[in-house]
Amino acid sequence: ADHLVVVGASLAGLRAVEGARKTGFDGTITLIGAERHLPYDRPPLSKAYLEAENEPSAETPTFRNEQLLTGELGAELMLGEPATALDTDAKVVHVGDRPVAYDAMVIATGADAKTLPGAGQLDGVYTLRTLDDAVAVRAALDGGTRAVVIGGGFIGSEVASSASKRGLDVTVVEALPTPLSRAVGELMGATCASLHHRNGTTLRCGVGVDAIEGDGRVERVVLADGSTLPADLVVVGVGASPATGWLDGSGLRIDDGVVCDETLFTGADGVYAAGDVARWHNPMFDKLMRLEHWTSAADQGAVAAKNALAPDAAKPYSTVPYFWSDWYGSRIQFVGIADADEVVIVDGDLDTDGRVVALYRSGRRLVGALTINGQAVIMKYRGLIAKRASWDDALAFAEKRKAA
Ligand code: FAD
């Protein structure tokens, strides 16, 4: 291959460029990105960026400067305009009316924040996915006193944590019985909920939002039970959908993401996918998964580029999913999958020592682990899951750690 084109200039896209150069590829690399920014890091946007005392512009979390990207990595940048179509027969990606030919391609267009019907019509209602979003949310936090966060997932809960740190009066509304129910299950979701309670954030679970109301500017959120929450600003954190609209008509299989085999191959000659947009066959759990986690997006970017440049030697990407989330100074970490027959807290107690270790069992196997402030052990459990450890072995390991 002479020309690698990477679509999506964020974490997975950057790692694709770096991964390609690491293999010794010295052909042309074009990096196409819809945002006008150089690739930057998203996790700080809902954490440090919102909390920082300094001017936000000073905190802009860019990964690499332009010299590094264009000089050392030798990437041609096409930033500020989205790719609009992909022709897999002609091997051309279109950016508006500009065609870009490729031999190898990595699709890394990530995901877009979902919103609620009508939410876009009022000032003071935000989603949080991009740096531009974060600038707007941060300004709103500086200017308001009552924040309502719709959705108690990672991003919603992190925004709540940051807003409360800035002294705002915060309410989180979550339609499910606990925050993070889908990601970590209800038992540990309830444990995470207590982080909100003990830090003074009001949490309203099991109730939906009927309307976001105001006159030009948001004034209140009306819940399905008839109650009303006054609001100076509303952040909608109800998840993200894979950015695949531009692939309509490409013939690629799209089903909650770009469907890939275990090597991240899409089925179209030379075309691989990586990161939040990719739904690939994860050999570790023998199922299709689409993760929205930093670590896998970074890993997949590198693997997809290597495989795209040497398809005959393509290697599978197999992983135990991992993510972290920071709430009120506590670090939540999760490895594996939350779909379990049983969840057991094996160590720690949030009330007495501010620490928890919980294990997830499916059949006779350990499939997941969650820690709050358990940085020292979480990767050990990731290793056990990767080794397909039995439940009994996992419990024995937990006992040993406790004794130590
Ligand atoms: P993205 O980062 O979504 O980037 C995709 C890029 O492609 C975007 O820049 C987009 O503009 C561009 N694009 C889209 N369509 C097109 C097109 N047609 N043409 C060209 N470009 C296009 N994960 C964790 O594990 N821990 C955390 O604590 C954590 N915190 C987070 C906090 C926030 C606020 C957010 C938003 C995410 C967080 N994540 C976290 C998730 C993590 O950031 C993502 O998994 C990661 O950014 C995915 O990288 P990506 O490159 O696949 O996609």
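Indexing begins at 1, ligand by ligand and atom by atom, following the structure's order. Numbers here are sequence positions counted from 1.
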Between [X] and ligand 1, which part of the residue brings a heavy atom under 4.0 Å of the ligand: side chain, backbone, both or neither?
X	result
A111	backbone
V7	side chain
W246	side chain
T109	both
E292	backbone

Please list the nearest protein heavy atom to [atom] with its residue and the distance rounded to 0.1 Å.
atom	value
atom 21 (N) of ligand 1	A34 N, 3.0 Å
atom 49 (O) of ligand 1	A297 CB, 3.7 Å
atom 27 (C) of ligand 1	W324 O, 3.3 Å
atom 35 (C) of ligand 1	I155 CD1, 3.5 Å
atom 3 (O) of ligand 1	R129 NH2, 2.7 Å
atom 51 (O) of ligand 1	A12 N, 2.9 Å

Practice task
Please confirm whether H37 comes under 4.0 Å of ligand 1, counting heavy atoms of the residue only.
Solution key: no

Are more than 12 heavy atoms, taken from residues, nucleotides or ligands other than [X], located less than 6.0 Å from that residue's [atom1] atom?
X	atom1	answer
D132	CG	yes
R388	CZ	yes
E72	CD	no
D269	CG	no

Exercise for the section: Look at the rings of H196 and Y328 and say which category their plane angle falls in: under 30° parallel, 30 to 60° tilted, over 60° perpendicular. Expected result: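 Perpendicular.
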
Handout entry: T145 side chain to D232 side chain, donor-acceptor N/O pair below 3.5 angstrom
Key = yes

Do [X] and ligand 1 have an N or O pair less than 3.5 Å apart?
X	result
S46	no
D276	yes
T295	no
A83	yes
S10	yes
V277	no

Exercise for the section: Check whether the ring centres of Y49 and Y40 lie less than 6.0 Å apart, and answer yes or no. Expected result: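 Between Y49 and Y40, the centre distance exceeds or equals 6.0 Å.
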
For [X], take its heavy atoms, then give the atoms of ligand 1 lying under 4.0 Å from any of them.
X	result
I32	20 (C), 21 (N)
F323	25 (O)
G33	20 (C), 21 (N)
G275	52 (O)

Handout entry: Pairs meeting criterion ring-ring contact (aromatic ring centres under 6.0 Å, His included) with involvement of residues 128-171, two or more places apart
Key = F154-F323

Handout entry: Side-chain heavy-atom pair L288, V259 within 4.5 angstrom cut-off
Key = yes

Among [options], which one puts a heavy atom closest to [atom]?
atom	options	value
atom 24 (C) of ligand 1	W294, F334, Y49	W294
atom 53 (O) of ligand 1	P242, P43, G110	G110
atom 37 (C) of ligand 1	R42, K47, R331	R42

Problem - Approximate separation, where rounding is to 0.5 Å, of S330 OG and L350 CG - result: 6.5 Å

Handout entry: Distance in Å, Y272 OH paired with L264 CG, rounded so as to fall on 0.5 Å steps
Key = 9.0 Å

Problem - Check ion pair D326-R331 (N to O, under 4.0 angstrom) - result: yes

Problem - Cationic N near anionic O, under 4.0 Å, K402 to D347 - result: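 Salt bridge between K402 and D347, a charged N being under 4.0 Å from a carboxylate O: no.
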
I'd like a table of donor-acceptor pairs (distance under 3.5 Å, sequence neighbours excluded) in which one partner is a side-chain atom from residues 240-248, with atom names and distances.
{"unit_1": "W246", "atom_1": "NE1", "unit_2": "T109", "atom_2": "OG1", "d": "3.3"}
{"unit_1": "W246", "atom_1": "NE1", "unit_2": "A243", "atom_2": "O", "d": "3.3"}

